Amino acid sequence: MFGKLSLQAISYDNPVVMFGVVLMIGGGLAMVLLITYFRKWPTLWNDWLTSLDHKKIGVMYIILALVMLLRGFADAIMMRTQQVLAEGASQGFLSPSHYDQVFSAHGTIMVIFMAMPFLTGLMNIVVPLQLGKRDIAFPFMNALSLWLTVAGAALIMASLAIGEFSTAGWSGYPPYSELQYSPDVGVDYWIWALMLSGAASTMTGINFVTTILLGRAPGMTLMRMPLFSWTALCTNILMVLAFPALTVATGLLGLDRYLGMHFFTNGDGGNMMNFVNLFWIWGHPEVYILILPAFGIFSEVISTFSGKRLFGYRSLVYATFVITLLSFTVWLHHFFTMGASANVNAAFGIATMVIAVPTGVKIFDWLLTLYRGRIRFDVPMLWALAFIPTFAIGGATGILLAVPPVDFMMHNSEFLVAHFHNMLIPGALFGYLAGYSYWFPKVFGFRLDETWGKLAFWNWLIGFYLAFMPLYALGLMGMPRRMQHYDNPEWQPLLVVAAAGAVFIAIGIGCLVLQLLVSIIKRDANWDQLGDPWNGRSLEWSIPSPPPVYNFAVIPEVKDIDAFWDMKEKSTVDRQPVHYEAIDLPKNTSVGVVFGGLSFVFGFAMVWHIGWLAMAAGVAMLATVIARSFDDDTEYRLTAAEVGQLEGKRFRQQAENQQACAKPLAGQE
């Protein structure tokens, strides 16, 4: 009745696993008790879980990303600790199988369930506001994407407590991920988590491409869009084109495992290299799916905190498009060592070097934006400034690895681990954390605490260099990656330094948590009274903080690249419109969260081969979507009078805030 599921699926005899399970369950229970104690269940359900407001969906994406950051970083700490201890006669505290699960989960979580939700959350919050829109194209699809992603993340978390996760690495190469070599359910957890999140990302891509191309404010031509919206457009084009390849690859692998097919089993007519090609046809565009939004954030932050228009706006746009196109031409450099001809390797090596050129253009444009700017060293700017030299180091090592003979020597070493972390941490995560600090006051109405933010930044930066620079040296010394145990005592001192770096990063994460708590407690002192705490340049800063549910009472007319800056110069910012129109907005619905819950049940049942439960969940999912299709009452209307009343109250409050802000200045004079 329960397929493969039994009490033996719970690792009672593994204290490390049980400690993690207790932490996970304890944290969940603590949240439930807090919500119950403060009687917030109705608010949570009505205002958040069932909401179709793009801003709230974006916030929930980011909350998911931060939770998964904690889980993924816990795996990283375990790996670093294991490698410090497991030298010579010592075997450390992780068995080989458990260590394999940890690094497989770490890669999957950080790429798919931390970075992807983080960037999607920021795009959800910011892109419609920058484009002068009231919502995205398909609000209900947006909610489905969120809850499918949550379902995939929940499967990853469930694998910690029930059964085990894949030992085949985050890339799941056959034949090791085939049934013969991985007969347990770990690879199945990996497959279904990726299938659910992949479907969600594809829908997100369709949603945002449609939103950006078909619905901008009057006068906002493509060449007047803010850089973050440009990078969001290119990112979502990549998502639409690349994620189906991942879905096909994992789907075919699932057919091999479930139905005994042989798409990737060489001995029975398949070809395991087909999986590798499909995976990296997705996997290399995925690198730029993660990095391009961060490039957009750095563009916004550097321009704002330099007090200057971006240098070379058009060249930044063209460079973004060139990166988008070239990202599909370099996937084979991920497996130079797998037997392609010298000519093929040379072609992909050259393409890999060429793709560095538009990235170099971007860096020079950012540096020239900084040149003679009135630079303010607020937290978002610190992340951006640290990114430039740190990312350049990662790029230089990438050019080195683009040379196939060098890659043959370095591909399976710690040098490669250092390289891709050197690209993704400063190139993506530093950008997301800059965007988190930059747009937080827009979403919640108060700024994050600067002191704790700077402590978090410096610990992250120091920790990054300590954690990953030694890995370059270890790679040159011949240390292979993915090692659970080693016998060379010369490696251990550098591994101790790397572990110390992980401790600094842990302190940085702790500072981010404390920053949020302190900011909430001191929110009155950091309140964003005018909606423009950074003296911003794009349209999201032209509306109150937090924004009203309809974003813009009157859709603005754009006449310049920096639309809000142009309005400031022409003194049209504080003029109250004389005429308002009715606004239609999407109603809340529980269908998204219900569908996500059913998706989790379906995936869990498929992992454990519980046929009747999978069938019931599948039918319920179909019924839920059909029921939604018959619901014609999906919007509500704010009348022109209601909008006018809300806006009148806002303008009166804004005038009072301006007077309150002017009094201290008058006293100083």
Side-chain angles (χ1 to χ4, degrees), residues 40 42-48 50-59 124-136 139 217-218 439-448 519-520 522-558 563-568 570-588 635-666:
K40 293 296 184 181
T43 301
L44 182 64
W45 180 259
N46 295 323
D47 294 348
W48 289 92
T50 60
S51 177
L52 298 188
D53 185 338
H54 67 92
K55 301 178 289 295
K56 291 182 176 179
I57 287 175
V59 170
N124 259 287
I125 292 167
V126 178
V127 169
L129 300 182
Q130 286 196 335
L131 299 182
K133 291 179 59 63
R134 295 194 173 111
D135 211 330
I136 64 171
W439 283 303
F440 187 94
K442 176 52 55 183
V443 179
F444 293 104
F446 59 93
R447 289 172 54 171
L448 288 167
S519 301
I520 293 171
K522 296 182 177 180
R523 59 187 178 276
D524 291 339
N526 294 319
W527 200 256
D528 174 19
Q529 294 181 324
L530 302 178
D532 183 22
W534 311 119
N535 196 19
R537 309 179 73 86
S538 46
L539 285 178
E540 72 268 30
W541 305 110
S542 68
I543 59 177
S545 302
V549 65
Y550 47 78
N551 296 344
F552 298 90
V554 175
I555 301 299
E557 185 174 352
V558 174
F564 185 43
W565 194 262
D566 179 63
M567 294 176 186
K568 290 177 183 178
K570 295 176 180 176
S571 300
T572 60
V573 175
D574 298 324
R575 295 180 186 174
Q576 184 174 359
V578 296
H579 176 70
Y580 295 99
E581 295 180 354
I583 299 174
D584 292 323
L585 296 167
K587 283 185 175 180
N588 287 10
E635 293 184 337
Y636 69 96
R637 170 165 291 192
L638 285 175
T639 65
E642 290 172 324
V643 175
Q645 185 178 4
L646 291 170
E647 287 296 297
K649 181 179 178 181
R650 174 175 80 82
F651 274 94
R652 288 191 297 272
Q653 183 64 51
Q654 185 169 329
E656 293 174 5
N657 291 340
Q658 286 174 334
Q659 291 177 358
C661 291
K663 287 180 181 178
L665 294 175

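Bear in mind that the values here come from a model prediction, so they are computed numbers and not experimental data. Throughout, residue positions are numbered sequentially from 1 according to the sequence presented.
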Subject >> From OH (Y550) to CD1 (I543), nearest 0.5 Å >> reply: 9.5 Å

**OP:** Not counting sequence neighbours, which residues clear side chain to side chain donor-acceptor pair (under 3.5 Å) with R652? List them please.
**Re:** none

**OP:** Report the distance from atom CG of N124 to atom CG of D53, rounding to the nearest 0.5 Å.
**Re:** 9.5 Å

Original post:
What distance separates L448 CG from R523 CZ, expressed to the nearest 0.5 Å?
Top reply: 13.0 Å

Subject >> Pair listing, salt bridge (charged side-chain N to carboxylate O under 4.0 Å, His left out) test, anchored in residues 124-135, at least two apart >> reply: none

**OP:** Enter the distance from L585:CG to Y636:OH here, rounded to the nearest 0.5 Å.
**Re:** 4.5 Å

Subject >> Heavy-atom pair with the smallest gap, counting every atom of K442 and G531 >> reply: NZ-O, 2.9 Å

**OP:** Taking atom CD of E581 as the centre, report whether more than 12 heavy atoms of other residues, nucleotides or ligands fall under 6.0 Å from it.
**Re:** no

Subject >> Derivation and outcome, side chain to side chain contact (heavy atoms under 4.5 Å, CB included), residues N551 and K55 >> reply: CA-CA 10 Å; N551 296 344; K55 301 178 289 295; 2.7 Å; yes

Original post:
Any idea which heavy atoms bring P441 and W534 closest together, and the distance?
Top reply: CG-NE1, 3.9 Å

Original post:
What pairs with K522 under side chain to side chain donor-acceptor pair (under 3.5 Å), at least two apart in sequence or on another chain?
Top reply: none

Original post:
If we only count heavy atoms from C-beta on, is the V558 to L539 side-chain gap below 4.5 Å?
Top reply: yes

Subject >> Distance-minimising heavy-atom pair for S51 and N588 >> reply: CA-OD1, 3.6 Å

Subject >> Nearest-0.5 Å distance, CZ of residue F444 to OG of residue S519 >> reply: 11.0 Å

Original post:
For V59 and I125, which heavy atoms make the closest approach, and how far apart are they?
Top reply: N-CD1, 4.0 Å

Original post:
Judged by atom type as modelled, is there a donor-acceptor pair below 3.5 Å linking the side chain of R650 to the main-chain atoms of E647?
Top reply: no

Subject >> Within-4.5 Å side-chain heavy-atom neighbours: L129 and W439 >> reply: no

**OP:** Taking all non-hydrogen atoms of both residues into account, name the closest pair between P218 and I555 and its distance.
**Re:** CD-CG2, 3.5 Å

Original post:
In this structure, are over 12 heavy atoms from other groups packed under 6.0 Å from Q645 atom CD?
Top reply: no

Subject >> Side-chain heavy atoms of N535 within contact of W565, under 4.5 Å >> reply: yes

**OP:** Decide side chain to side chain contact (heavy atoms under 4.5 Å, CB included) for F564 and D532; before the verdict, give the C-alpha distance in whole Å, the side-chain angles of both, and the deciding distance to 0.1 Å.
**Re:** CA-CA 10 Å; F564 185 43; D532 183 22; 3.5 Å; yes

Subject >> T50 OG1 to L52 CG distance, which is reported to the nearest 0.5 Å >> reply: 8.0 Å

Original post:
Does NZ in K40 sit with more than 12 non-hydrogen atoms of other residues, nucleotides or ligands closer than 6.0 Å?
Top reply: no

Subject >> Parallel, tilted or perpendicular: rings of W527 and F446 (30°, 60°) >> reply: parallel

Subject >> Contact summary for G536 and K568, nearest pair of heavy atoms >> reply: O-NZ, 2.9 Å

**OP:** For residues F552 and P128, determine if any side-chain heavy atom of one lies less than 4.5 Å from a side-chain heavy atom of the other.
**Re:** no

